Amino acid sequence: MIFFICLNFSLFSTPVFAQTTIQNIYGRNILSLNGRWNYIIDPYETGFYDYRRQPFDQSASGKGGYYDDRKQTGKGELLEYDFDLSPTMKIPGDWNSQAEKLQLYEGTIWLRRKFTADPQAGKKYLLYFGAVNYEAHVYLNGKKLGTHKGGFTPFQFDVTDKLIKGQNSVVVKADNTRHAEEIPTVNTDWWNYGGITRDVLLAELHAAYISDYKIQLAKGNLKKIEGYVQLAGPFKGQNIQINIPEAGISQVIQTDSTGRAPVNLPLHKMRYWSPEDPKLYAVEIIAATDKVTDRIGFRTIETKGQDILLNGKPVFLRGISMHDENPLIPGRLRSEGDMRMLLQWAKEMNCNYVRLAHYPHNETMIKLADEMGLLVWAEVPVYWTISWQNESTYNNAQQQLTDLVTRDKNRASVIVWSVGNETPVSESRNIFMGKLAAVAHSLDSTRLVAAALEVHRKGNDIVIEDPLGDQLDLVSFNEYAGWYWSDPEGMLDYTFNVKFNKPVVITEFGADALSGFHADAATRWSEEYQELLYKNQFRMLGNISGLRGMTPWILVDFRSPRRPHPVYQDFWNRKGLISETGKKKMAFYTLKNYYDSVMLRYK
Ligand code: GCU
């Protein structure tokens, strides 16, 4: 008789999808599950499917998958995996940068963390993931919690009735395989870092808790804070106290039967948030059985004709684009130190704005932008040739956009929600992107909605008439005059024909330069070529009457499987103004000098 440890798992477990995530997870009572997780590489998904390709976790026995994390229990039984004896990797952290053989790995890796818990009656427990790229199946103590798709947005599961007193085992099947019908699709110019790339947290809450809130200035109104507070769990209609002590605000609001209380706070004194004065206020939200505090900046952003108005005043967006990648220790940004380094480089360049391309970055990055005074363009990875006619693809894109707005709606630094990048114009794409733009506007009327639009050339005339532009607040587009189109001298013949009377914010231009490679300015890949291109870009772009900002491509060299040139690239895209060793190129200073001059004009 083989004695099985009785694993209490539900048969025919029908996976549930992750819930909408709690607002401000870091302001809660949390246990970090970061650290070293055991992992098993599983290129054939042997731990998920039986030999007839049937998923173990939906089979009659529910046994057999790696997720139930069993130990060999005795004679006769055959277990061909063992987490305890398997290697470990650091979480949060992509797997590509943690083992040589995983650098280009695409597929499934199982990750397991043991932890002890002491669940209390009357409490709610949420298991929260900052991000897993790309598809996650999550199990706790052998029970399936659910699945999530999307490599850059947070998700959570209610584990209140699955946590056990003592040792628990959380297992994640992470799969970064690309698919044509996913978001993004199979072709991207960035490294496909797989795994649990952001924090894993266990939150303990009172059964009735504050699940969500939005506390921001009303659109275009410097004298009113509005929004809402949302309770979850067994609550009755109750009073909620909102305190912003430094602004002299203390107000009691009432929840309705759904636990939602509208926020409407007249303002008397306020230091408005701006890059020059990134003032954050302590905001306390106090309910009967929960209290959460946040640090929130208050500002307005809107457009008026061809101007962008920050707190009612015209602003020029002195920006730079960046990926979520630490160049010095290649891999996804792992910690606040990584993120602060990148944002500090942007500040050194006299930026007041960053384009966090091409996907939602780490929540901590946005909070640092709040603190350091950098405006933010946030984006979902609706990138290039998406499967426009596939309904599940659209639903995925909409979910990722919703999760991004849900997470960052209280961050003063975020001024733009971008619904995509360089997507080829077609009827199905216009419908897809138009719906996404409408959803972005409906989710948040207080911020601008944009995308990197398509351009086309008629001789030397660069025409911007992408129909999507009608539904956006900015005219933003990528143009590679001098690199993909012509050379730095030839680019001066280009003219721009912008068919919209809206602010123009160039989302990308640039050139590759191998740091330390010096030659004449006509020699591609040299720092001198890149420097001349930047100088000529400013001359060329200066002819656009509605020019109100730019985010040249890109702050730092970044890794890409599309860039194999053995001398100049070696799987690095070299358009960075800083090399992967942190060395500033000549064009870094060219851009800084340009921004210094722009700043004088916008005093
Ligand atoms: C494109 C794209 C970027 C890419 C860049 C390049 O415009 O948006 O993701 O890296 O061009 O070619 O370097």
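Given the structure is predicted, the values throughout are model-derived calculations rather than measurements. Atoms within a ligand are numbered from 1 in the order they appear, just like the ligands themselves.
Under the 6.0 Å cut-off for aromatic ring centres, W525 and F517 do not qualify, their centroids lying 6.0 Å or more apart.
The side-chain contact (heavy atoms from CB on, under 4.5 Å) test with V382 is passed by exactly one of L436, N396, T185: L436. Considering T551, L343, V556 as possible partners of M322, the one that fulfils the side-chain contact (heavy atoms from CB on, under 4.5 Å) test is L343. Each of F558, W190, W384 was scored for a ring pair (Phe, Tyr, Trp, His ring centres under 6.0 Å) with H358, with one residue passing: W190.
For ligand 1, the 4.0 Å heavy-atom shell takes in D189, H358, Y383, N421, E422, N478, Y480, Y484, E508, W553, F558, R563, N573, K575, ordered by chain and residue number.
Y134 places a side-chain heavy atom less than 4.5 Å from the side chain of K149.
D189 and S560 share a side-chain donor-acceptor pair at under 3.5 Å.
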